[in-house]
Amino acid sequence: MRIADDIWHRVRKLREAIEQHNYNYYALDAPTIPDAEYDKLFQELQELEQHYPQLITPDSPTQRIGAAPLKAFSQIVHRMPMLSLGNAFKAAEVDAFDRRVRQTLGVDSVEYAVEPKFDGLAVSLCYEGGIFITGATRGDGYIGEDVTLNLRTIRSIPLQLQADGYSARSPVFMEVRGEVLMLKADFEKLNRQQREKNEKEFINPRNAAAGSLRQLDPGNTATRRLTFLAYGIGACEGGNVPRDKHSRVMDYLASLRFPVARERNVVSGATALLEYHREIEELRERLPYDIDGTVYKVNDLAQQEKLGFVSRAPRFAVAHKFPAQEAVTELLGIDVQVGRTGTLTPVARLKPVFVGGVTVTNATLHNEDEIRRKDVMIGDTVAVRRAGDVIPEVVAVQKEKRPPHAKFFIMPEHCPVCGAKAVRLPGEAVTRCTGGLFCPAQRKQAILHFASRRAMNIDGVGHKLVEQLVDNAIIRTPADLYKLGITALATLGRMAEKSAGNVIGAIQKSKNTTLARFIYALGIRNVGETTAKDLARYFGALDRLMEADAEDLQQVPDIGPVVAQSIASFFAEGHNREVIEQLRAGGVRWEEGAGTQQAKADSSAGLSRLSGKTFVLTGTLMNLTREDAREKIEALGGKVAGSVSKRTDYVVAGTDAGSKYHRAVELGIAILDEAGLLQLLQDSQGGLHSTSRNL
DNA sequence: CAGCCTCGAGTTCT
DNA sequence: CTCGAGGCTG
């Protein structure tokens, strides 16, 4: 059926009007028509589209909601990583930041783009040819969760970019970086509704926003009013995106109708930064959204590039945080917890107190020294804050309020769980239970670690189940997991047959693993994920690792006498060897190889040009994530190190390469760009089939 | 031998 | 996320 031009025209008009009103309302905070009027336009559009479904396009405002619920979020790789910012809390730290920047750039004064630091969830929005395609959470900075459908329901996110004052044509590709948050007013409204429905209230706008964005059913997200605020651009191709100043990039984003902070500004010098911070702090209460500080970025993009990055944070920007909010409460007692390696950790039990958005009841006291340093006694009145915004911490004791019956804490001489002697070695801060695996606490933790995601990755074997299995003497070691039958699980009563079946299934599935995961899963002291990988790569086979003495072990890069000794002692223990035997007999298996130990010798035979070569990755790669690049290099026998030294063979420099690049130049080390790396990888594959380039 | 960087381990709450 | 410690570099 052909659609009359006037209907087509009307639909287009309606869409434009609705997006314009969305923009006025959400980005400018200046609606020009009453809500009822807006609803009428929306309804008319919906009716027309219902009537003529062929008119529906994904960028229609009616299509913001509409997809069916998901089962799980899939992953999205950020083209340019979403790094975190360094923090400053005090004026002196801001001064130091400015001084460093000036020194590196060799100038007297630096211009900064400044803005409030929104307290929400960082997301990255991908636009292709001006159309909103996908959006993802920050995740680990490299890979995030695909929350496109939920983001589409946020009306301040443009589904299609308008032509703008800079360019009539949209960038071919653009990642827009910003924060999803809930306005204070919308948060109050949501909680009122939750209260009326007798459902749980949210603790703060940030949690409400996070909960809403992580809904699997976009329909749910749509009922919560979320807002987006842009603060920058990630990877980008084409279009007339400004390349000179960050402030111009922000103006550009605003011209594309992205909401940006109205309080943004450009200032010069450290004094002006502190002045801005003070102004924003004064404004804080009156802002429509929560913030947790201010952000300062070197405005000149060429200067930004010159400053580069240190490990995971840019050197050209810093987050100046407001002091963490503190609350005062009572310390009711100090419990002692036993960790996987037998560490005894004193934990403060607090009278519940609301601080930094959550109710805190526990706070770690780390160790005995820490308790002495802070002079904490049971019964004290203490100030508590959430350090780094997450982990609660006892800041100080109000000694004038100390009651006469306050009790001095003494670290127990015996493990509170198994009763074995607790020892504190000279020079060490921690006290450890000597019960080893006879201590049920350590045994439980060891099994939990074995099953954890990064180790054997057994779903469903969590805290509670392990507790029950060990307490009821159903299992004693990780190897016993593989002997579990469905009937054994059923004796626990609580567990339905189906979920028991799931657990058994997950255990079976975990039998196929890798040597690196297996080594990590063993829980050898001082051997984490990275060291486990190093060991697996070097030895290639478990037996060779088990036979190695401390001296052999120190041949492995990054392993010194301490770690070597931990490993050797672990395998010297008959009990550990027995568990490993049982695991193998129980069907746990992995692929073994020659290891680089041997590969090093035959690299001259041309097996792989990369064996024994050390790479350092820096900057952002376009078509590979660092993880990909790392895997590919390692697959061919190369090693990826963190920092450049004269022992480095190649530095792979992406865009925004920083200090490592400069160091490589200084040291005269071969520098590859991404294409060069891919070429090298391909050439080095020799007789192997070339893998798909994945471009 | 000092300083830098990376890794391991422990921790809270939803 | 943060701290402490181990390992490497200069």
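Just so you know, these numbers come straight off a predicted model, no measurement behind them. In what follows, chains carry the letters A, B, and so on, assigned in the order in which the sequence lines appear, proteins first and then strands, with residues in each chain numbered from 1.
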Any side-chain N or O of Gln337(A) less than 4.0 Å from the OP1 or OP2 oxygen of dT11(B)? yes
So with a 6.0 Å cut-off around CZ of Arg349(A), is the heavy-atom count from everything else above 12? yes
Rounding to a whole Å, what distance do you find between Glu393(A):CD and dG10(B):C1'? 14 Å
Rounded to the Å, how far apart are Leu213(A) CG and dT14(B) C1'? 16 Å
Figure out the CZ/P separation between Arg385(A) and dC1(C), and round it to whole Å. 16 Å
Quick one: Leu553(A) CG to dG7(C) C1', roughly how many Å, whole number? 15 Å
Residue mapping more 5' on DNA chain B - nearest nucleotide basis, Arg340(A) or Thr361(A): Arg340(A)
What pairs meet the ring-ring contact (aromatic ring centres under 6.0 Å, His included) rule with one or both residues in residues 437-460 of chain A, with sequence neighbours excluded? His449(A)-Tyr520(A)
I'd like to know whether Thr341(A) forms a side chain to side chain donor-acceptor pair (under 3.5 Å) with Thr343(A), so could you lay out the CA-CA distance, the side-chain angles of the two residues, the decisive distance to 0.1 Å, and finally the verdict. CA-CA 6 Å; Thr341(A) 58; Thr343(A) 324; 2.9 Å; yes
Minimal heavy-atom distance between Lys374(A) and Val395(A), with the atoms involved, is CE-O, 4.1 Å
Tell me which residues in residues 440-455 of chain A lie within less than 4.0 Å of DNA chain B, going by non-hydrogen atoms. none
Test of understanding: with side-chain hydrogen bond (donor to acceptor under 3.5 Å, both in side chains), list the residues that count as partners of Thr381(A), not counting sequence neighbours. none
Is Thr530(A) close enough to dG8(B) that one of its side-chain N or O atoms is under 4.0 Å from OP1 or OP2 there? yes
Nearest-neighbour nucleotide for the Asp558(A) side chain, dA9(B), dC8(C), dT12(B) considered: dC8(C)
With no hydrogens and no angle check, do the side chains of Ser566(A) and Arg525(A) hold a donor and an acceptor under 3.5 Å apart? no
Please tell me if Thr359(A) has a side-chain N or O lying less than 4.0 Å from either OP1 or OP2 of dC13(B). no
For Asp534(A) and dG7(C), what is the distance between atoms CG and P respectively, to the nearest whole Å? 12 Å
Counting only side-chain nitrogens and oxygens, does Asn362(A) get under 4.0 Å of the OP1 or OP2 atom of dC13(B)? yes
Give me the residues of residues 347-355 of chain A where at least one heavy atom lies under 4.0 Å from an atom of DNA chain B, by number, or none. Val347(A)
Rounded to whole Å, how long is the line connecting atom NE2 of His366(A) with atom P of dC1(C)? 15 Å
Starting at CD1 of Ile524(A) and ending at C1' of dC7(B), how long is that distance when rounded to a whole Å? 15 Å
Here the distance between atom P of dT14(B) and atom CZ of Arg206(A), to the nearest Å, is 14 Å
What nucleotide among dG10(B), dA9(B), dC7(B) has an atom nearest to a side-chain atom of Thr531(A)? dC7(B)
Partners passing salt bridge (Lys or Arg N to Asp or Glu O under 4.0 Å) against Arg206(A) (at least two apart in sequence or in another chain): Asp119(A)
Scan Val527(A) against the nucleic acid and name what it touches under 4.0 Å (heavy atoms): base, sugar-phosphate only, or nothing. sugar-phosphate
Which residue pairs pass the ring-ring contact (aromatic ring centres under 6.0 Å, His included) test with at least one member in residues 207-227 of chain A, sequence neighbours excluded? none
Residues Thr223(A) and Asn220(A): closest non-hydrogen pair is OG1-O, 2.6 Å
Gln565(A) and Ser569(A): CA distance, side-chain angles, deciding distance, side chain to side chain donor-acceptor pair (under 3.5 Å) verdict: CA-CA 6 Å; Gln565(A) 191 51 52; Ser569(A) 323; 3.1 Å; yes
